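Below you'll find the structure, written out as structure tokens, and then a few comments.
Remember, it's a predicted structure, so these values are computed and weren't measured experimentally. Only this structure's heavy atoms are used, side chains among them; waters, hydrogens and symmetry mates stay out.
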Amino acid sequence: MSQVDLAKAVGFQDDDQEVSWNQRDLLLYAVGIGAKKDDYALVNAKECLDKSWAPFPTYPVVLGFKGTSQDVVDFRQLMRGGKKAPGLPQFDPNRIVHGTQSIEILKSLPPVSGQGWKLKRRIVGINENKSGVVVENEAILVDAKGTEYAKLYSATFNLGAKATGANFSKRVAGPPQAKPIPKDRKPDWVVQDKTSTEQAAIYRLSGDYNMLHINPSIGKAAGFGGVILHGLLTFGFAARALVSAVGGGDPRSLTFFAVRFTSPVKPGDAVETSVWELGPGPNGTTEVAFVTKNLATGKVCLGSGMAYVKKLEKGKL
């Protein structure tokens, strides 16, 4: 226990991770998060039929899994990679849960990355309580010249982990915090969608090959009763719902998106995203709060939802 000093871990800079993608990767990701055949702004390459096509803005969330690979990635080796942060205890990889995820889009992605793109990664927060240890991470996507394109924050909850055995909290950076859902009025938009039974099998081709999302025996052993969808897959479904309802279907309309993962979704489940307009956001956007519910279970699967969207004004279709 003498080696454990949570304060030392906050601010720890991990090695930069090289990343890359091509237009095919972007199209595959769009289908993985449920884009349909007539979602031309997402699935129809620019040089084909639809000039409205653009990379879906949440795509960078998969780059930490994919790296530069154009083949299958060994998820177990990926989880063992990277430098060990000073001051942290050894966590049980089987008890690590993805707690929150946000992405701020600073510039639209090019269809093809080319060489020299990186994720610059550091630990920006640690919280220990009686339930476990939460580690907050920052990843900034930069091109070969160092220009920033996206800023991502995620939190992993290490269930039951003990570091010092006392409450601890330190944070040096993070995303905007979500505001409460208005309780005095109905949502301004409600979007229903249905995942397919093959959804996880498609989404994993973007780089996250965690066997939990393809092997039923692993899901049963983990207490889920079988395969569950990737949290970031449901994340993408909700982002599509906001782009469709608030942004008029334009992928460029979404500039910030954040959620808390609260319960699993299984392949084939239907989901419903309810969205409340809160007022103006930065740079001409509209701030919204949202929640996504799994209609198969009645449980909220994405909570504390917050986004900035460039709202499509009526009459500007």
Side-chain angles (χ1 to χ4, degrees), residues 14-35 41-43 53-70 73 75 78 81-82 98-122 124 136-156 173-176 203-210 230-240 242-243 247 250-259 261 285 302 305-310:
D14 202 349
D15 292 333
D16 293 347
Q17 181 183 9
E18 294 185 0
V19 297
S20 65
W21 66 90
N22 56 35
Q23 195 167 14
R24 177 183 175 276
D25 294 324
L26 298 172
L27 297 174
L28 181 59
Y29 173 76
V31 176
I33 60 170
L42 306 183
V43 301
W53 181 85
F56 198 77
T58 58
Y59 174 74
V61 299
V62 305
L63 289 172
F65 300 95
K66 177 187 178 297
T68 59
S69 177
Q70 285 297 321
V73 178
F75 183 81
L78 177 68
H98 195 168
T100 64
Q101 181 71 56
S102 73
I103 180 168
E104 179 184 3
I105 298 92
L106 305 172
K107 290 175 66 70
S108 294
L109 297 179
V112 179
S113 63
Q115 296 183 337
W117 288 70
K118 297 176 181 179
L119 286 173
K120 302 180 73 67
R121 305 175 295 176
R122 64 172 178 154
V124 294
E136 298 181 56
N137 299 281
E138 175 190 78
I140 301 176
L141 177 63
V142 300
D143 67 9
K145 296 180 180 179
T147 303
E148 297 182 356
Y149 275 72
K151 185 176 290 187
L152 301 91
Y153 289 101
S154 62
T156 54
Y203 178 84
R204 70 197 301 264
L205 301 179
S206 286
D208 185 348
Y209 291 92
N210 186 343
H230 307 68
L232 288 174
L233 189 167
T234 311
F235 177 94
F237 261 72
R240 280 181 41 250
L242 266 63
V243 166
D250 184 354
R252 303 171 189 85
S253 64
L254 186 67
T255 64
F256 177 79
F257 186 79
V259 305
F261 302 105
T285 62
L302 301 177
M306 172 188 179
Y308 298 142
V309 190
K310 294 176 182 176

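Residue Leu26 holds its CG atom at 6.0 Å from OH of Tyr59, rounded to the nearest 0.5 Å. With rounding to the nearest 0.5 Å, the separation of CD in Glu148 from CD in Glu104 is 9.0 Å. Between the CG atom in Leu119 and the CD atom in Glu18 there is a gap of 11.0 Å [rounded to 0.5 Å]. With rounding to the nearest 0.5 angstrom, the CD1 atom of Ile33 is 7.0 Å from the CG atom of Leu42. Rounding to the nearest 0.5 angstrom, the gap separating the CZ atom in Arg24 from the CG atom in Leu205 is 8.0 Å. To the nearest 0.5 Å, atoms CZ (Arg240) and CZ (Phe235) are separated by 13.5 Å.
Here the closest non-hydrogen pair linking Phe257 and Ala307 is CD1-CB, 4.0 Å. For the residue pair Ser102 and Pro175, the shortest heavy atom distance occurs at OG-CB, 3.4 Å. Annotation for Gly67 and Gln17: closest pair CA-NE2, 3.8 Å, computed over non-hydrogen atoms. The heavy-atom pair separating Pro55 from Pro110 by the smallest distance is CG-O, 4.3 Å.
Side-chain atoms of Pro57 and Ile103, non-hydrogen and from C-beta on, never get closer than 4.5 Å to each other. Two residues are said to be in side-chain contact when any heavy atoms from C-beta on lie closer than 4.5 Å; Val43 and Val31 meet this criterion. Considering only heavy atoms from C-beta on, Thr100 stays 4.5 Å or farther from Tyr153 through its side chain. Residues Phe56 and Val243 meet the side-chain proximity criterion, which asks for heavy atoms closer than 4.5 Å. Proximity of Lys66 to Val19: side-chain heavy atoms (C-beta onward) are nowhere separated by under 4.5 Å. Side-chain contact check for Tyr149 versus Ser113: every heavy-atom pair is 4.5 Å or farther apart. Counting heavy atoms from C-beta outward, Leu63 and Trp21 have side chains that approach closer than 4.5 Å. In this structure, Gln23 and Trp53 have side chains that are in contact, with non-hydrogen atoms separated by less than 4.5 Å.
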message: Does Ile140 form a side chain to side chain contact (heavy atoms under 4.5 Å, CB included) with Arg122? I'd like the steps, not just the answer.
response: CA-CA 9 Å; Ile140 301 176; Arg122 64 172 178 154; over 6 Å; no
task: Could you please spell out the steps behind the side chain to side chain contact (heavy atoms under 4.5 Å, CB included) verdict for Thr58 and Leu254?
output: CA-CA 9 Å; Thr58 58; Leu254 186 67; 4.2 Å; yes
query: Can Tyr29 and Tyr203 be said to form a side chain to side chain contact (heavy atoms under 4.5 Å, CB included), step by step?
result: CA-CA 7 Å; Tyr29 173 76; Tyr203 178 84; 3.8 Å; yes
Chi angles and distances behind the side chain to side chain contact (heavy atoms under 4.5 Å, CB included) call for Phe65, Phe75: CA-CA 8 Å; Phe65 300 95; Phe75 183 81; 3.9 Å; yes
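Checking each of Leu109, Leu106, Thr147 against Leu141 for a side-chain contact (heavy atoms from CB on, under 4.5 Å) leaves exactly one that passes, namely Leu109.
The neighbour count for Lys118 NZ, taken as heavy atoms of other residues, nucleotides or ligands under 6.0 Å away, does not exceed 12. Other residues, nucleotides and ligands contribute at most 12 non-hydrogen atoms within 6.0 Å of the CD atom of Gln115.
Ring geometry for His98 against Phe261 counts as tilted: the plane angle lies between 30° and 60°, on a 0 to 90° scale.
Side chain of Arg121 to main chain of Asp15: a donor-acceptor pair is present (N/O by atom type, distance under 3.5 Å, no hydrogens or angles).
Classification of Arg252 and Asp250 as a salt-bridged pair holds, one side-chain N sitting under 4.0 Å from a carboxylate O.
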